[in-house]
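A quick write-up on the structure given underneath.
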There are 2 protein chains.
Amino acid sequence: MNLFPVVMAGGSGTRFWPLSRRARPKQFLPLASERPLIVETVNRLAGLATLKETFVVCGKAHAAPVRKLVKGLPAGNIIVEPAARNTAPAIGLATLHVARKDPHGVVAALPSDAFVKDAEGFRRDLEAAAALAMEGYIVTVGIKPSRPETGYGYIRRGEKLGAGYRVAAFVEKPDLPTARMYVSSPEYLWNGGIFVFRCDVMQLALARHMPDLWAGLSKLGKLIGKKGYASALEKIFPRLPATSIDYGVAEKAENIAVVPGDFGWSDVGSFAAIPDVRRADDAGNVVTGKNALVIDSEGCVVVSDKRLISVVGMKDTIVVDSGDALLILPKDKAQDVRKVVEALKQGKLEKFL
Amino acid sequence: MNLFPVVMAGGSGTRFWPLSRRARPKQFLPLASERPLIVETVNRLAGLATLKETFVVCGKAHAAPVRKLVKGLPAGNIIVEPAARNTAPAIGLATLHVARKDPHGVVAALPSDAFVKDAEGFRRDLEAAAALAMEGYIVTVGIKPSRPETGYGYIRRGEKLGAGYRVAAFVEKPDLPTARMYVSSPEYLWNGGIFVFRCDVMQLALARHMPDLWAGLSKLGKLIGKKGYASALEKIFPRLPATSIDYGVAEKAENIAVVPGDFGWSDVGSFAAIPDVRRADDAGNVVTGKNALVIDSEGCVVVSDKRLISVVGMKDTIVVDSGDALLILPKDKAQDVRKVVEALKQGKLEKFL
């Protein structure tokens, strides 16, 4: 079996502003360690595949940083999206590239910006998913929930199927009581956005469930590696339906399976998640960078840059210095970063975005 | 009557770190307006005295900034202390300088770093104090308390005396119940460190109550304006007893009077006092500098520098950017700035002091 990891690096979020910027979205930030999330993601695949088999899908502006950060990745393995069109077009495009190497190759499409604590467990579960994928299933790795999270979608597993289960249903983000019920049941798993499938199986599923998308992709497939591909991509890709693989394929196909995964996963959704993925001191403070002085404080997340940051007597507060901008907000309001981003847009301070 | 304001600018506090530094103590900071406190203090005297009659006492390192900031002050009116020896030596030294112009001149010794809301009321009360001083009293202007402050000394007034009262007693910083009692009584006033007296009266009081101090000062008095003064000052001044005028003279002398003042006074004791001296927005935030974005926040003090500071969802928090350093702490722990200063000393980060 040939396994081809496809690292999805098309994200452009603002939840880590002021660290994340248009030119440097979350996956390029060293949020969970001293290395950028995307580098950790690629490193985590060592043993499953070499860099020759590894692909990265990203936006135009991010091809250069990907090349710089993911050392040893062949230039041809960076798949550039001319526009961000959600995950179904990105995965579809990736299958065209992988199919040139092996039309029946197994793709493991992964977010580039998630955290995994137990890399060995992760690889084991991915291998189990790949084995099911070989049999013709589109396999998602469902994360065993560790808390009643209301911000994630869930997967309800059905009947047993090899190392996994058939998917009974994809479930929308629940309210808190429902999420509590899900956590206590072994039947519910988080949807972590990890999909494993054979190239030909996914292409068939796209042709069946997303014919418009497939029409565009198959035109590109005929041109790939030839003159005219780049200009066709520029023309066709931005008009493909901007649909997620979950909605466009996974929720519709019948050959969907799930392999439960339990490897200390986090989507690192906001600064408030930093204590889940970084070591905290005895008072629960996570301090990164060398120039922070944290005194009489508890549960804070402090990201220092070159300047000295002194935090005294604060509780559960996020303080982030990005050099040219600074953010201070309570940990339980970490999502409100978007209010700053909104204000910057309206205040014509877009240079800070 | 000749009135000679003596602005006491010897302070070197750290309660406004990181804005205040060794080279730029509080009095040089634009804390209550866009102008440094010392400039506001001198401007407030307009009408009472000209700059020719105005003196500033300060440390060696601060003579240059005083000259730069207090435009029009004659160079000879900057009285440099070779070492900080508290207020009694500073005031004693000032009387030597003033006496050269008028041995019976009335000195108004004032802190350089206090805030006054009603400048006209302030001048009126100072004139009343000067009138009593002419009669031979050492007069302090006692501030009518506006809250049960436990951080100030109080003055208990005695029998009526012209526009003021005899001082019955100087009272130590009270506990909260006592402070509450003081506020509700008209007999208690805050000691704001303002003293008004005739030169000759103060010199006599120093000779009587602080003979050691006076011995050194009278040597200097003989040399003042002559060759040898500078080197004698260097030798004698640093050895003078480091005593406050309150303890050394005011608490001991019998000819002490107090004139009540009610002009919106604040000693601007810490960042927490900024809302008392600056206009706050509707949510009670005081924001200075142009680069702050304050969203969903209440009661915060935000001092921005060149970088963008974004504060979201915070309450009663102080955020200060001084360019090379940053401070974040709760308003009710404003005094804990000293913990940072302590940590900087111990961490060999003295360049930040």
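Numbers restart at 1 for each chain; the letters A, B, ... are given by sequence-line order, proteins then strands. Computation of the quantities below employed the complete heavy-atom set of this structure, encompassing side-chain atoms and omitting hydrogens, waters and symmetry-equivalent molecules.
Nearest approach of B/P330 to A/G313, heavy atoms of both residues: CG-O, 3.0 Å.
Dense packing is recorded around CZ of A/F170, with more than 12 heavy atoms of other residues, nucleotides or ligands lying under 6.0 Å away. When the shell of 6.0 Å around CZ of B/R279 is examined, it contains 12 or fewer heavy atoms from other residues, nucleotides or ligands. Counting heavy atoms of neighbouring residues, nucleotides and ligands inside a 6.0 Å radius, atom NZ of B/K144 does not exceed 12 of them.
In this structure, chain A has a heavy atom under 4.5 Å from the backbone of B/D324, while its side chain stays farther away. Using a 4.5 Å cut-off between heavy atoms, A/S304 makes no contact with chain B at all. Contacts between B/L293 and chain A at a heavy-atom distance below 4.5 Å involve the side chain alone, from C-beta outward. The parts of A/L327 that come within reach of chain B are both its backbone and its side chain, each placing non-hydrogen atoms under 4.5 angstrom from that chain. Heavy atoms closer than 4.5 Å to chain A are found in the side chain of B/V319, but not in its backbone. Of the two parts of B/S297, neither the backbone nor the side chain holds a non-hydrogen atom closer than 4.5 Å to a non-hydrogen atom of chain A.
In this structure a side-chain-to-backbone donor-acceptor pair under 3.5 Å is missing from B/S310 to A/V340.
Counting heavy atoms from C-beta on, the side chains of B/D321 and A/L326 never come closer than 4.5 Å. In this structure the side chain of A/V337 never reaches within 4.5 angstrom of the side chain of B/V312, judged on heavy atoms.
Most heavy-atom pairs under 4.5 Å with chain B, from the set A/L308, A/V311, A/I295, A/N291: that is A/L308. Ranked by non-hydrogen atom pairs under 4.5 Å with chain B, the options A/L329, A/L344, A/L349 are led by A/L329.
Distance check: B/T317 OG1 to A/I328 CD1 gives 8.5 Å after rounding to the nearest 0.5 Å.
Between A/D296 and the choices B/K333, B/R338, B/K339, the salt bridge (Lys or Arg N to Asp or Glu O under 4.0 Å) rule is met once, by B/K339.
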